[in-house]
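In what follows, chains are A, B, ... by sequence order, proteins preceding strands, each numbered from 1.
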There are 4 protein chains.
Amino acid sequence: MGSFKIRTDLALEARESVEEGAEELRGVIVEEDYHEDSEVRITRVVIESKNSAKVLGKPIGTYLTLEAPAMILPDEDYHKEISGELAKQLRSVIPGIDKEPSVMVVGLGNRDVTADSLGPNVVDNLVITRHMVKEFGKAAYNQSHVPVISALIPGVMAKTGMESAEIIKGVVEKTKPDVVLVVDALAARSTKRLNRTIQITNAGIHPGSGVGNYRNSITKESLGVPVIAVGVPTVVDAATIVNDVFRKMFAGMESELREIQEEIQVSMGEIYNMYVTGKDVDYEIKQISHIICDAINEALELQSE
Amino acid sequence: MGSFKIRTDLALEARESVEEGAEELRGVIVEEDYHEDSEVRITRVVIESKNSAKVLGKPIGTYLTLEAPAMILPDEDYHKEISGELAKQLRSVIPGIDKEPSVMVVGLGNRDVTADSLGPNVVDNLVITRHMVKEFGKAAYNQSHVPVISALIPGVMAKTGMESAEIIKGVVEKTKPDVVLVVDALAARSTKRLNRTIQITNAGIHPGSGVGNYRNSITKESLGVPVIAVGVPTVVDAATIVNDVFRKMFAGMESELREIQEEIQVSMGEIYNMYVTGKDVDYEIKQISHIICDAINEALELQSE
Amino acid sequence: MGSFKIRTDLALEARESVEEGAEELRGVIVEEDYHEDSEVRITRVVIESKNSAKVLGKPIGTYLTLEAPAMILPDEDYHKEISGELAKQLRSVIPGIDKEPSVMVVGLGNRDVTADSLGPNVVDNLVITRHMVKEFGKAAYNQSHVPVISALIPGVMAKTGMESAEIIKGVVEKTKPDVVLVVDALAARSTKRLNRTIQITNAGIHPGSGVGNYRNSITKESLGVPVIAVGVPTVVDAATIVNDVFRKMFAGMESELREIQEEIQVSMGEIYNMYVTGKDVDYEIKQISHIICDAINEALELQSE
Amino acid sequence: MGSFKIRTDLALEARESVEEGAEELRGVIVEEDYHEDSEVRITRVVIESKNSAKVLGKPIGTYLTLEAPAMILPDEDYHKEISGELAKQLRSVIPGIDKEPSVMVVGLGNRDVTADSLGPNVVDNLVITRHMVKEFGKAAYNQSHVPVISALIPGVMAKTGMESAEIIKGVVEKTKPDVVLVVDALAARSTKRLNRTIQITNAGIHPGSGVGNYRNSITKESLGVPVIAVGVPTVVDAATIVNDVFRKMFAGMESELREIQEEIQVSMGEIYNMYVTGKDVDYEIKQISHIICDAINEALELQSE
């Protein structure tokens, strides 16, 4: 729809959006895997070239997406299945996972704003070991492998006066983890994906990516250690919703749509800065936080020989 | 827009919606008052006839709406001004306010769901006196008039297994307040009114009004004592948003709009049960809860002679 | 120790306290059962006579106490074991448990005061069915037996202006459950029992029992249906702590102790209204709330044939 | 009482404890100021020499204590009076306060443990400006002086795996504030001081001071910038309570007390790691957090010329 910028933090949706009515994009590998019994779909998008990164508005890297429509149902066994699958995917992207890397988990976002509280929620329930290992040594754990895990909730700029990136960088330099794992709430394009989709990427986090502002990135380049980002879409921009209804209605009538596009934008003025979310967002974010927390615990608990 | 049912709990918006492109509705009185310095607009809608009640989908009664765009700014003096105005309006609809009625304030809604937590938030901070007056008598207060105030947070049916109306009725029969004041979160049609508008009505609360289900009403008829309802719109239905963009775009083209109406409805399928809210809903609900709480405290603190 | 009144809500401790250095009390049956593998001790105290009730300061009834020192360790399997045992004990005291009684669970206490938040915490996580059964019938559940469960969090008098007993009575009369199950935080005498002990009794709840004030009792007599109370000691009175240290030091020197008793009381003036609790009370109350919640769910989920 | 170590974080109490029955301590200056109308007592203890620091178990520095018994009453005007007085005292110890120092406020403690949540609570409500000044310049504020304020809630070691000192040091090096202001919950000796006393010191924070462990200090020496610590006692060790009752009872009988001292210690075994607090600790900590927050805001809001 011409100049209207679809906002999504999911590489999966960025690709779908570009390929609507277009040929396949070069420099992007897409693989899909569907588990019939668990109804879990895993999609792997690899953005390989600078050009495809530019077209998709996402940096070069690997993006794993795990979708499970039943994710927020209150079924503990199913949660274990999903967190097990997520743990497997996490291990596949954490560099040197077999060499017991020390990991700092960072929970981004604002714990007092429901839709933004995913990161702090996940970190609140993690098993933390770094201080014990430092105090008593790995011997204390009676296991051949002991993960060294620390965690940080930096808070949001409106409440700290500092960029999250500044805080994280300061703490990384002081405590020297091998890997940083960042958890954050995302925006999606489709309401069907809200709180039912988890994205894992080794591309880090780039606020305002594409605008040439690299000061606040949380990436291997900015921190000096590999950064894995785990995210869940918790909101959709209200404007995106309206836009998508128009796209569906005018499917196959691109020229008409282009004509009235400016009018649409004007009529949407009022909903700028509003977002769409489900009625159960408070409950669902708690559920999915637990799943991610369990997955991180499982991914990092290295097996004894 | 034909059969699409605009959902709003505000009598003000119901009337606007009906009168769009129509002559004035009989049996409805509307008065407006705008305070220039405080930018507060007070609208008084009186639904007088059964017919106008049916057309508007709201029961017979008086509906006062207080709108203040700056309501959620962090300005304590302004808050006092608004809560003072609100207290004045409240006193105008509470029957027998000069005769020291005992009042039970009921906070409806779910405290764990941000957009639905207005009622419990307001009640949490009220000044409660009934137990003190019962124990020590009014003499203890050293004032000629002492308000007798109690409060109840009944919870939501999914968590109690009971209708709020059942719980309230049981407690009213046991403790016999003269008036019940119910506080609840509402749905609006316009995002501009979210967390900036307060409606007061003596019509009580009618869940699913118009559908012939009176079992769950919280009204003078069902409780046996006057019921005043205070509400704030905290969400807009996502479908309403989309609908309104279409209405604006097709203004003056009603017949075309009617033609494509079914298509629109189909294209909106995905957003059924989603709602639109501002990014600061958690903060704003706290702010407006304090304003309402202060207003109730002020309205009920009867003057000594 | 003479006139110093040991404060404890546990029948178990009341008996211990009376029997220190005394012969066995008549009209009280005590049975103990220790499970070696789970380290769970279950004590059954039956107060049979008016006289023994007066001596112990507890009404006639059966008091089951489940003690498990490891209760608050983060071990899910162990929690299941304890909640299973607790469910068994609960079923043994709920009248007519085999005839599918409808049950209202009441969470007493103040959710904003950690040590008093047990009741609300337990109720927050219960499975509630009454509204579903009323709407869709038991057939909807596809089970031959379906429990009808409702729940109420009345709040505390300082915030409602009403006695909890008034609120509960009003709602019981309106919704007519067969049994009321009340959950509340208690005071213990021994810090070793804090958050590691659960008491179940069919004697209901008697605030200020012994003082002739029956207005606020929550019992079969006051509500008209059987009342089962489940409680956990979360605090110890600070004065009790000091007193117990003196008792230990002066063991076998009762006459000396009696002489200095008044002096002790005076020296303790400052700690009146203070209480003693462990450093992890916030965490421990969450843990034990989950155990009780699971136990109630399990106890009420009647088996299909 | 011989070897029993009174635990208090208040220099005021450390001095009282030493001077009980002893001559005045050299190297310590004490000044007291009592405001009759506001009932606020301000005590200034200056520890000047290494020897007096050793005797008192507190590092060299200035310790201001503000005591106000009515501090937790719900009286907004009185709160303003106290926070105004506190602001004045704060300004007297912040180095270079007239030269617009940039200040980082650090809230120590665990927000999920009531008695330890003071620091996070204070920081939650501060006015933060650093990000605005960096983005728009001081001009944006339309004032000749604009304070540059940032804030950090590092969390506790059990949840982060890192010493608070490590985290703070990392962030200080990255964001270079001129002064660090640390807010923390303390332990007192007397229950009368709980939540009614505020201590300000320029000596920083020394966990386990005296034990030769300087790794985790938060001081000018460790951070490279001046550190001001603001603290409120929220708990008393249970053992301290018992001990104090004995001291009062055996006043003037020091030799007898010394004899039975070991017995006392043994009899107190059970209450090790328990603490004493008031029934309203949750409410009181919120009140005093607001007072401190207002005082910091006021102290840092530098006057325009």
Side-chain angles (χ1 to χ4, degrees), chain B residues 102-107 110-113 119-136 146-177 180-181 207 213 215-216 222-223 293 300, chain C residues 102-107 110-113 119-136 146-177 181 208 213 215-216 222-224 293 300:
Chain B
S102 61
V103 177
M104 174 188 287
V105 185
V106 176
N110 186 343
R111 65 163 77 242
D112 296 327
V113 172
N121 276 353
V122 168
V123 165
D124 272 350
N125 292 296
L126 277 182
V127 176
I128 301 300
T129 60
R130 180 179 177 271
H131 57 305
M132 300 297 281
V133 173
K134 280 198 78 169
E135 187 75 18
F136 305 110
V146 180
V148 174
I149 305 173
S150 57
L152 183 70
I153 299 176
V156 291
M157 196 165 63
K159 294 192 143 198
T160 65
M162 304 178 280
E163 297 282 353
S164 296
E166 291 180 286
I167 297 173
I168 297 167
K169 197 162 166 50
V171 179
V172 164
E173 287 178 8
K174 222 75 221 153
T175 64
K176 303 197 186 309
V180 168
L181 189 62
N213 172 354
R215 189 186 44 170
N216 306 323
S222 67
L223 296 187
C293 181
L300 299 183
Chain C
S102 61
V103 177
M104 174 188 286
V105 185
V106 177
N110 185 344
R111 65 163 76 242
D112 294 328
V113 173
N121 275 354
V122 168
V123 164
D124 272 348
N125 293 294
L126 277 183
V127 176
I128 301 301
T129 60
R130 181 179 176 271
H131 57 304
M132 300 297 282
V133 173
K134 280 198 78 169
E135 187 76 16
F136 306 109
V146 180
V148 174
I149 305 173
S150 58
L152 183 71
I153 299 175
V156 292
M157 196 165 63
K159 294 192 142 197
T160 65
M162 305 179 278
E163 297 283 354
S164 296
E166 291 180 285
I167 297 174
I168 297 167
K169 198 163 165 49
V171 179
V172 164
E173 287 178 9
K174 222 75 221 152
T175 64
K176 303 198 185 310
L181 189 62
N213 173 353
R215 191 186 41 170
N216 306 322
S222 68
L223 295 187
C293 181
L300 298 183

Enquirer: Side chain, backbone, both or neither: which part of B/Asn125 has a non-hydrogen atom closer than 4.5 Å to chain C?
Expert: neither
Enquirer: Which value, rounded to the nearest 0.5 Å, describes the distance between B/Thr160 atom OG1 and C/Ile153 atom CD1?
Expert: 9.5 Å
Enquirer: Look at B/Glu166 together with C/Arg130 and state whether they make a salt bridge at an N to O cut-off of under 4.0 Å.
Expert: yes
Enquirer: Just grab all the side chain to side chain donor-acceptor pair (under 3.5 Å) pairs involving residues 148-157 of chain B, residues at least two apart or on different chains.
Expert: none
Enquirer: Taking it one step at a time, do C/Lys174 and B/Met162 satisfy side-chain contact (heavy atoms from CB on, under 4.5 Å)?
Expert: CA-CA 10 Å; C/Lys174 222 75 221 152; B/Met162 304 178 280; over 6 Å; no
Enquirer: For a quick test of reading the model, state the closest non-hydrogen atom pair linking B/Ile128 to C/Met157 and the distance between them.
Expert: CG2-O, 4.5 Å
